[in-house]
Number of protein chains: 2
Amino acid sequence: MSGKAKRNGSADIKMSDIARHAGVSPMTVSRALREPSTVSEKMRRKVDAAVREFSYLPNRIAGSLSSKRSNVVGLIVPSIRNSLYANMVQAISDVLRANGFHLMIANSGHLLDDEEALVSALLAQRVCSLVLHNTTHNKRVRDLVAKTGVPVVETGNLPTEPLDMAVSYSNFEAARAMTAHLGRLGYRKIGFVTLPLRDNDRSEERRRGYFTALKELGLPADPTLVLEAPGGFSEGADALMRLIQIHPGLDAAFFAGDVLAVGALFECQRRGWAVPGRVAIASFDDLDLLRHAVPTVTTLRIPRHEIGRRSAELLVNRLLGASPERVRIDVGFEIVQREST
Amino acid sequence: MSGKAKRNGSADIKMSDIARHAGVSPMTVSRALREPSTVSEKMRRKVDAAVREFSYLPNRIAGSLSSKRSNVVGLIVPSIRNSLYANMVQAISDVLRANGFHLMIANSGHLLDDEEALVSALLAQRVCSLVLHNTTHNKRVRDLVAKTGVPVVETGNLPTEPLDMAVSYSNFEAARAMTAHLGRLGYRKIGFVTLPLRDNDRSEERRRGYFTALKELGLPADPTLVLEAPGGFSEGADALMRLIQIHPGLDAAFFAGDVLAVGALFECQRRGWAVPGRVAIASFDDLDLLRHAVPTVTTLRIPRHEIGRRSAELLVNRLLGASPERVRIDVGFEIVQREST
DNA sequence: CTGTTAGCGCCTTCAT
DNA sequence: ATGAAGGCGCTAACAG
């Protein structure tokens, strides 16, 4: 009894059926559903009754094809799992939904060529616009975006030359500011633990910011003060221990990833090291966790939610008719000084 | 210069253009793209060349309309932000993508009527199936699902009567097992902190499991041992302090939400209370965090990733032709005994 | 305000 | 193995 590939369900009633049962033309049904104000009270009621009677759900696939308009936005993030992105996605989702749009989501796993495959796939689905959490793209992606002309928002970093619109903070400035902050507090031997640098403009920028600040502080830019670690609690702990082994005089460590910082903090607790007495710890991104840990952790507050919200708002405006113009919004960041430094 | 609503971009080349340039019929292009093996080598090469030359992206909207088949799965979660769901979503996304499907995601914010609106919207988009992180639905949702006949997977709890397929663990059994575990360890005055119970079958079930275990342990089912708290670190800390105020002899607290447990743990650290010396702490869901905190936290390991993976696999099989049959998969759970109890 | 006509871009079906 | 005809369900554009 198996049967072939499942057809997409639906009750199989279409607009013309509703029209027939309501005694009107299909066009009137269409209008009653999409722009009720253009239809007379009487017609509208007949239509509504028939729609309810059959639980009619308009086929938006057909609608999109016909109108050449879609209400689905495509989103590509490096990882869905990561709570930082999740925060942004939530905001995007909320704004889109409030405006009648939907979200198609995909994750690229940090690979540029995967991004290309996903951009193609989403454009084949005829999404009406794209959000990319990434500001370096391969040529094909840039070409596709240019060619299709869909509105695009890039986030995650501030590109010097956005594809279209960009909403982000500057990873460079943020890392620089935190490093400077640590210098101002009197720390002289400041380690830096970065997330993987490969194919990741954000990580690169953060490291650049760190070195720039060191220079401005008149501190030596010692490359052995920098360690690369994949995200994770253990990795943060390891990194701190290795740094301290190399530099027993290390007095502060700046982690370019919140989970790394917390891992290091836990390791200190385990060893009974005072933070910041033995070593100060600073983090990147304001996870709730950091505000509640003991000690509370100094960090950079990045308005992830705002990034999502404003990205979606820009798209919605554009989709609703705003004229295309390159936009580059810097949402900034904030240093949150807490007990750990 | 403003211009009307933005049309969905696309390079405006369609299959017939490719066909013309390749010197074949549109049908051959269609076949060369979808089932290359049914087309001769020569034709295929001509088509491929034209496709590449124009960077042609087939219009899947048109394809879906015509074939009555969609490759988009709809997913509704209570919250995108929550990392537990994020874990599951990631797994779903991965499996779907590996099989050529896409994911449309929406969040219901725990409201049944919002779920209805989203189910309608997703079905209007003609998603080929649904994943619902929720097992109690209002009538309209049940009707729509029945009527359209799309495959549905429910997760988040094990429904006694699934709409279609279900993949989950039992919240009841999990909470019961942890409470029993605490009893076995010798704790006699075990508090329980639950997430909001309203419209949330998962929370209800957990509480039921807790009380059942107390009874089985021969301990009094004292309702003042139960506190309801919205998720959050501070809320967990508060809840523990209130419990201890009411029951100075409290020797263990079981938090039906990981963040609550960690919040309580931090509060203990802050007060210099030994955990489990002063009070033992148990959690629900195996956040990485719990394995690294000091002390490490006893918890229930729920295979969120597996839930997502198996859900998606079930759907994919069905979409690829497996015959419809009600499935109810219990992925189980595991008690992870650590230092905090 | 309502209806008619003619596609949207592709795929199913049937013929060759 | 390839092509021609017709239609998926809806909406734009125009007519009344």
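So that the names make sense, note that chain A is the first sequence line, chain B the second, and so on, each numbered from 1. Predicted, not measured: the structure shown is a model, and the values here were computed from it.
- Note on residues 99-136 of chain B: pairs passing ring-ring contact (aromatic ring centres under 6.0 Å, His included), not counting sequence neighbours, are B:Y85-B:H133.
- A salt bridge is defined here as a Lys NZ or Arg NE, NH1 or NH2 lying under 4.0 Å from an Asp or Glu carboxylate O, and A:R97 with B:D114 meets this definition.
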What N/O pairs connect the protein and nucleotides 6-8 of chain D at under 3.5 Å? Give each pair on its own line.
{"from": "D:dG7", "atom 1": "N2", "to": "B:S66", "atom 2": "OG", "distance (Å)": "3.1"}
{"from": "D:dC8", "atom 1": "O3'", "to": "B:K68", "atom 2": "NZ", "distance (Å)": "2.8"}
{"from": "D:dC8", "atom 1": "O2", "to": "B:S66", "atom 2": "N", "distance (Å)": "3.4"}

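- The side chain of A:S30 lies closest to D:dT11 when the candidates are D:dG3, C:dC11, D:dT11.
- A donor and an acceptor atom sit less than 3.5 Å apart, one in the side chain of B:R31 and one in the base of D:dG3.
- Counting any heavy atom pair closer than 4.0 Å across all strands shown, B:P58 reaches sugar-phosphate atoms only and no base atom.
- Axis orientation changes by 30° from one end of the helix from C:dC1-D:dG16 to C:dT16-D:dA1 to the other, with each end axis drawn from 5 pairs and the value rounded to 10°.
- Under the 3.5 Å distance criterion, with hydrogens and angles disregarded, no donor-acceptor pair is assigned to the side chains of B:H305 and B:Q90.
- Under 4.0 angstrom from either OP1 or OP2 of C:dT12 there lies at least one side-chain N or O belonging to B:R69.
- A donor-acceptor pair is defined here as one N or O able to donate and one able to accept, closer than 3.5 Å; such a pair exists between the side chain of B:R142 and the backbone of B:H137.
- Nearest to the side-chain atoms of A:V39 among the listed nucleotides C:dT2, D:dT2, C:dC11 stands C:dT2.
- In this structure, B:S64 contributes its side chain and B:R69 its backbone to a donor-acceptor pair below 3.5 Å.
- Mapping A:S37 and A:P26 onto DNA chain C via the closest heavy atom, the residue that lands nearer the 5' end is A:S37.
- Nucleic acid contact class of A:M27 (heavy atoms, under 4.0 Å, all strands): base.
- Among the candidates A:K42, A:M43, A:E41, the single residue satisfying the side-chain contact (heavy atoms from CB on, under 4.5 Å) test with A:R45 is A:E41.
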